[in-house]
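Naming: A, B, ... by sequence-line order, numbering from 1 per chain.
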There are 2 protein chains.
Amino acid sequence: MSLINPDDDLALLRRLGDRAREVALPFFRAAPDVLNKDAEGFDPVTEADKLTEQCLRALIGEHCPDDSILGEEQAPKVGTSGRTWILDPIDGTRAFIAGLPSWCVLIALCDETGPILSLIDQPFTAERFIGIAGYGQQACWYERQGVERQIRVRGVDTLSQAIGTTTDPYLFRGAEYAQFEAIRAAARLIRYGLDAYGYAAMALGGIDFVVETGLSPWDHAALAPIVRGAGGVFTDWQGRDLVQDGRVIAAASPALHRALMAHLQ
Amino acid sequence: MSLINPDDDLALLRRLGDRAREVALPFFRAAPDVLNKDAEGFDPVTEADKLTEQCLRALIGEHCPDDSILGEEQAPKVGTSGRTWILDPIDGTRAFIAGLPSWCVLIALCDETGPILSLIDQPFTAERFIGIAGYGQQACWYERQGVERQIRVRGVDTLSQAIGTTTDPYLFRGAEYAQFEAIRAAARLIRYGLDAYGYAAMALGGIDFVVETGLSPWDHAALAPIVRGAGGVFTDWQGRDLVQDGRVIAAASPALHRALMAHLQ
């Protein structure tokens with residue numbers, strides 16, 4: 001029996017995305033005095049994060065009471081179905097705080113092999129990315145303003161032609177920093193500050209690679225089905241499909257992935 | 001006689017913004033094969049830039065035939081009115097190429113003292129910022145989805161509380177890089193990759209300062225009225241109102257501006 005039924009689970013994923021958008025967006029750029037009657041200690045990101053995760057957990061619990069749930073804001077829920085939802089209600093909290101529309105809602109559904117279905121949603125720009133990689137399917141869709149279309153990475157094979165991104169170059173430590181510097185010197189262009197939106201932009205064909213370190217499971221679980229669904233490669237720095245140490249390479253082609261791996265080992 | 005009539009000129013500025021949005025947006029994320037029948041040498045940014053500037057120049061010429069025009073893509077037009085329009089049809093071409101919605105249309109109207117009225121427009125997110133600083137007025141408006149409201153910078157006075165931004169830390173050279181490193185170490189948070197959108201985010205109260213170098217007149221002319229109109233300070237690194245060497249400080253408060261100046265001298 002299949003643990004994941006793409007049709008049913010995609011429908012639920014979209015409902016979860018709708019709910020998250022509804023709950024999180026009112027907190028974005030909202031004046032603290034509108035949201036909070038207390039003068040002290042209010043953090044709208046934490047509030048938005050907590051409330052959004054709570055609503056997502058409730059909706060998952062209603063439809064799939066036996067599934068496990070791993071989220072950034074609450075203790076893991078251990079289920080019996082063999083399926084796990086991994087949630088980051090607001091990825092890119094720094095962008096959120098700064099009023100920049102690159103934060104995203106991340107939702108992934110995993111079986112025992114890893115993430116299979118996922119959603120990246122940007123509520124302010126009303127952009128949604130849905131990815132599937134597994135159960136005989138590999139695709140990525142972009143939805144905005146009621147229009148949905150399948151999207152693919154751009155076919156770039158060499159670093160000198162590639163546009164890359166990483167959220168913050170100063171997150172690379174020690175040897176990692178030197179490795180990234182070499183990639184930066186070899187690439188056509190590097191952009192910063194995007195968090196999960198960078199992987200989504202890769203699925204749209206604008207960005208060709210992402211290299212990052214220090215990611216938590218909720219930061220990266222939703223990225224793999226999007227990148228792979230759009231025809232890209234998503235692994236850890238050793239080339240393993242299942243990322244366990246928070247170090248991620250996403251590349252628009254196998255050749256570009258090999259070129260990045262050569263710099264990161 | 002006043003060179004600038006805020007009411008009439010604001011109306012024209014909005015029409016110019018509408019026209020630019022109409023012309024530039026279809027090029028964003030457009031597949032090259034949709035836009036171009038030739039396989040060789042097509043650069044959608046250059047095309048979008050040139051066509052947008054051409055349309056803006058035509059509209060200005062129609063309404064204000066005696067004004068000067070300075071734009072990134074064509075030779076300056078020298079007029080006789082004492083008024084100058086400064087245009088950057090697509091600021092943030094790197095973001096544009098990468099499919100990231102932080103590029104902006106920039107339009108400024110200057111008299112002999114510098115920029116007085118300006119517009120920053122992001123066509124994809126449909127966000128528009130209008131600023132005025134001069135002729136007895138100082139204000140900044142944010143427009144989206146038919147709703148317009150006045151906006152102001154956040155009142156942050158110390159670097160340790162401030163969220164700053166710069167487009168690319170690697171654009172600072174030599175001593176500049178060390179000066180920026182000291183600012184980065186002292187600030188609460190730094191974001192990257194925003195070009196003019198960072199100054200607009202400052203007017204919205206999410207970003208507290210921007211420090212940049214190497215800007216051309218069309219990169220920065222439209223920034224001053226937005227930042228000043230929203231209650232911020234906008235100068236060169238020596239604290240002069242008229243930026244002539246492409247080095248810019250924008251700060252949410254005079255105290256924060258002094259703290260930044262102390263690092264940049």
Side-chain angles (χ1 to χ4, degrees), chain A residues 28-32 44-45 92-103 122-127 142 144-145 149 151-154 161-171 180-181 184-185 187-195 197-198 200-210, chain B residues 28-32 44-45 92-103 122-127 142 144-145 149 151-154 161-171 180-181 184-185 187-195 197-198 200-210:
Chain A
F28 182 55
R29 294 182 181 171
V45 175
T93 51
R94 290 174 178 80
F96 189 100
I97 291 173
L100 303 171
S102 56
W103 59 281
Q122 208 311 303
F124 182 77
T125 60
E127 293 177 284
Y142 175 74
R144 188 171 192 242
Q145 296 171 339
R149 62 187 169 95
I151 54 173
R152 273 194 70 79
V153 295
R154 175 164 56 186
Q161 294 180 298
I163 302 179
T165 184
T166 197
T167 297
D168 185 337
Y170 302 102
L171 295 177
F180 177 73
E181 280 289 281
R184 186 171 73 80
R188 180 173 162 217
L189 182 64
I190 301 283
R191 305 304 294 167
Y192 305 100
L194 296 169
D195 298 288
Y197 196 83
M202 193 178 140
L204 271 174
I207 293 284
D208 303 306
F209 71 87
V210 191
Chain B
F28 182 55
R29 294 182 181 171
V45 175
T93 53
R94 290 175 178 79
F96 188 100
I97 290 173
L100 303 171
S102 56
W103 58 281
Q122 209 310 304
F124 181 77
T125 60
E127 292 177 283
Y142 175 73
R144 187 169 192 243
Q145 296 172 337
R149 61 186 169 96
I151 55 174
R152 273 194 70 79
V153 295
R154 174 163 59 187
Q161 295 180 297
I163 302 179
T165 185
T166 197
T167 296
D168 185 336
Y170 302 102
L171 295 176
F180 177 73
E181 280 288 282
R184 186 171 73 82
R188 179 172 161 218
L189 183 64
I190 302 282
R191 305 304 293 167
Y192 305 100
L194 297 169
D195 297 288
Y197 196 83
M202 193 177 140
L204 271 174
I207 293 284
D208 303 306
F209 70 88
V210 191

Notebook entry, point to check: Would you call the rings of B/Tyr170 and A/Tyr192 parallel, tilted or perpendicular if under 30° counts as parallel and over 60° as perpendicular?
Noted result: tilted
Next item on the list: Could you tell me which of A/Gly198, A/Gly205, A/Ala126, A/Pro169 has the largest number of non-hydrogen atom pairs under 4.5 Å with chain B?
Entry: A/Pro169
Check: Hey, which of B/Ser102, B/Ala98, B/Gly193, B/Gly99 has the most heavy atom pairs under 4.5 Å with chain A?
Finding: B/Ala98
Notebook entry, point to check: Are any of the side-chain heavy atoms of B/Arg29 and A/Ile151 separated by less than 4.5 Å?
Noted result: no
Checklist line | Contact origin within A/Tyr142 toward chain B - heavy atom pairs under 4.5 Å | finding: side chain
Check: With sequence neighbours left out, what residues match B/Arg154 under salt bridge (Lys or Arg N to Asp or Glu O under 4.0 Å)?
Finding: B/Asp208
Item checked: Part of A/Arg191 lying under 4.5 Å from any heavy atom of chain B -> side chain
Notebook entry, point to check: In terms of heavy-atom pairs under 4.5 Å with chain B, which of A/Ile163, A/Ile207, A/Leu189 leads?
Noted result: A/Leu189
Checklist line | For B/Thr125, all residues meeting side chain to side chain contact (heavy atoms under 4.5 Å, CB included), sequence neighbours excluded | finding: A/Phe124, A/Thr125, B/Pro101, B/Gln122, B/Glu127
